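Worksheet for the structure shown next.
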Amino acid sequence: MVQLIVGQKGKGKTKELLDKVNREIQTASGNIVYLDKSAKHMYELNNKVRMIDVSRYPIDTTASFLGFVSGIISQDHDLMQMYFDSFLKIAVVEPSDLVDAVMKLDALSKAFHVDFILSVSLDAAEIPDAIKENIIIAL
């Protein structure tokens with residue numbers, strides 16, 4: 001499953017994402033990974049959540065981001081959730097390519113039973129109809 005937290009920059013998406021991951025880890029039966037564009041929020045995460053600063057890796061296309069995510073999945077058979085803060089930026093996704101990226105993540109989710117929760121810096125009205133049903137929080 002792929003879920004979206006949407007809203008313009010500065011609306012509080014990161015706080016919602018952090019709150020959600022910290023709630024989820026309390027009852028999680030598997031591992032949780034949090035990907036961000038920096039290590040800025042490391043101390044706001046529960047220490048059981050694996051935080052990855054994506055800026056430290058040579059990710060310059062959506063395909064390389066998806067390969068990176070696939071590598072994380074392949075190394076952790078107990079992985080149950082992945083959180084992506086600043087998704088458009090860390091995944092190198094243009095808003096026009098958002099549906100394709102979400103569909104590819106959805107295929108990974110179904111194949112490996114990993115849920116993805118993404119913060120996307122777009123208004124709910126800007127989210128294409130094909131993935132509007134994935135929105136869980138609109139700010």
Side-chain angles (χ1 to χ4, degrees):
M1 157 177 55
V2 179
Q3 299 176 324
L4 307 174
I5 297 174
V6 301
Q8 288 297 327
K9 183 176 170 94
K11 293 289 186 182
K13 294 178 305 301
T14 297
K15 182 184 180 334
E16 293 287 343
L17 201 65
L18 289 166
D19 289 348
K20 183 167 176 48
V21 71
N22 285 327
R23 276 191 314 272
E24 291 289 329
I25 196 66
Q26 301 303 321
T27 58
S29 59
N31 297 327
I32 296 178
V33 174
Y34 187 95
L35 275 65
D36 202 349
K37 64 183 184 281
S38 71
K40 178 180 170 184
H41 301 290
M42 180 181 354
Y43 299 108
E44 297 172 64
L45 286 170
N46 183 299
N47 64 354
K48 294 178 186 171
V49 176
R50 180 176 173 206
M51 200 278 192
I52 299 174
D53 175 0
V54 176
S55 70
R56 299 182 63 208
Y57 300 91
I59 297 170
D60 56 2
T61 65
T62 303
S64 62
F65 177 79
L66 292 169
F68 184 76
V69 169
S70 296
I72 294 167
I73 293 169
S74 74
Q75 292 297 308
D76 188 346
H77 298 289
D78 293 324
L79 185 62
M80 62 180 273
Q81 292 181 332
M82 293 185 78
Y83 289 77
F84 302 152
D85 196 7
S86 304
F87 177 69
L88 297 176
K89 186 171 286 197
I90 66 171
V92 196
V93 173
E94 293 296 324
S96 59
D97 298 325
L98 182 59
V99 171
D100 184 53
V102 168
M103 292 301 148
K104 287 179 179 171
L105 284 173
D106 191 54
L108 283 173
S109 175
K110 288 175 180 160
F112 299 103
H113 310 288
V114 176
D115 293 333
F116 298 101
I117 299 87
L118 292 53
S119 81
V120 179
S121 293
L122 294 172
D123 281 325
E126 297 175 282
I127 300 296
D129 290 340
I131 57 173
K132 275 198 190 294
E133 67 185 24
N134 297 62
I135 297 173
I136 57 168
I137 299 173
L139 302 170

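These numbers were taken from a predicted model, which means no experiment stands behind them.
To the nearest 0.5 angstrom, Asp36 atom CG is 8.0 Å from Ser119 atom OG. Asp115 CG to Leu105 CG: the interatomic distance, rounded to the nearest 0.5 Å, is 11.5 Å. In this structure, Ile73 CD1 and Leu108 CG are separated by 5.0 Å, a value rounded to the nearest 0.5 Å. Rounding to the nearest 0.5 Å gives a distance of 8.5 Å between CD1 of Ile32 and CG of Asn46. A distance of 10.5 Å separates NZ in Lys40 from CE in Met51, rounded to the nearest 0.5 Å. Considering CD of Glu133 and CD of Gln3, their distance stands at 11.5 Å, rounded to 0.5 Å.
Arg23 and Asp19 are not joined by a salt bridge, as no carboxylate oxygen comes within less than 4.0 angstrom of a charged side-chain nitrogen.
In this structure, Lys37 contributes its side chain and Asp85 its backbone to no donor-acceptor pair below 3.5 Å. For Lys9 (side chain) and Ser121 (main-chain N/O), no donor-acceptor pair under 3.5 Å exists by modelled atom type. In this structure, Ser109 contributes its side chain and Met1 its backbone to a donor-acceptor pair below 3.5 Å. Under the 3.5 Å distance criterion, the side-chain polar atoms of Asp123 are left unmatched by any main-chain donor or acceptor of Ala125. Using modelled atom types, one side-chain atom of Asn22 and one backbone atom of Glu44 make a donor-acceptor pair closer than 3.5 Å. A donor-acceptor distance shorter than 3.5 angstrom exists from the side chain of Lys13 to the backbone of Gly7, with no hydrogens or angles considered.
Tyr34 and Val114 fall into different hydrophobic clusters, where Ile, Leu, Val, Met, Phe, Trp and Tyr side chains are chained together by heavy-atom contacts under 4.5 Å. When the side chains of ILVMFWY residues are joined at heavy-atom separations under 4.5 Å, either directly or via intervening members, Ile72 and Ile117 end up in two distinct hydrophobic clusters. Residues Val49 and Leu35 fall into different hydrophobic clusters, defined by Ile, Leu, Val, Met, Phe, Trp and Tyr side chains chained together at heavy-atom separations under 4.5 Å. Follow the hydrophobic side-chain contacts under 4.5 Å out from Leu118 and you never reach Met80; the two are in separate clusters. In the hydrophobic clustering of this structure, Ile52 does not group with Met42; members are Ile, Leu, Val, Met, Phe, Trp, Tyr whose side-chain heavy atoms approach within less than 4.5 Å, directly or through other members.
Looking only at side-chain heavy atoms (C-beta outward), Leu122 and Val6 stay at 4.5 Å or farther from each other. A heavy-atom distance below 4.5 Å is not found between the side chains of Ile131 and Val2.
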message = Under the criterion side-chain contact (heavy atoms from CB on, under 4.5 Å), I'd like the reasoning laid out for Phe112 against Leu79: C-alpha separation, chi angles, the key distance, then a yes or no.
response = CA-CA 9 Å; Phe112 299 103; Leu79 185 62; over 6 Å; no
Point to revise | Stepwise side-chain contact (heavy atoms from CB on, under 4.5 Å) test for His41 and Leu17 | key: CA-CA 11 Å; His41 301 290; Leu17 201 65; over 6 Å; no
What verdict does the side-chain contact (heavy atoms from CB on, under 4.5 Å) test give for Glu126 and Gln8, after you've listed the backbone C-alpha separation in whole Å, the side-chain angles of each residue and the deciding distance to 0.1 Å? CA-CA 10 Å; Glu126 297 175 282; Gln8 288 297 327; 2.8 Å; yes
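The nearest pair of heavy atoms linking Pro95 to Leu88 is CG-CD1, 4.4 Å. Considering all non-hydrogen atoms of both residues, Thr62 and Ala101 come closest at CG2-CB, 4.3 Å. Minimum heavy-atom separation, Pro58 to Ser64: O-OG, 4.5 Å.
Between Phe65 and Phe84, the ring planes are perpendicular. Angles over 60° get that label, and only those under 30° would be called parallel.
Other residues, nucleotides and ligands place more than 12 heavy atoms under 6.0 Å from the NZ atom of Lys132. No more than 12 heavy-atom neighbours from other residues, nucleotides or ligands sit within 6.0 angstrom of NZ on Lys104.
Here Phe116 and Phe87 keep their ring centres 6.0 angstrom or further from each other.
The side-chain contact (heavy atoms from CB on, under 4.5 Å) test with Val102 singles out one residue from Leu98, Asp100, Val99, and that residue is Leu98.
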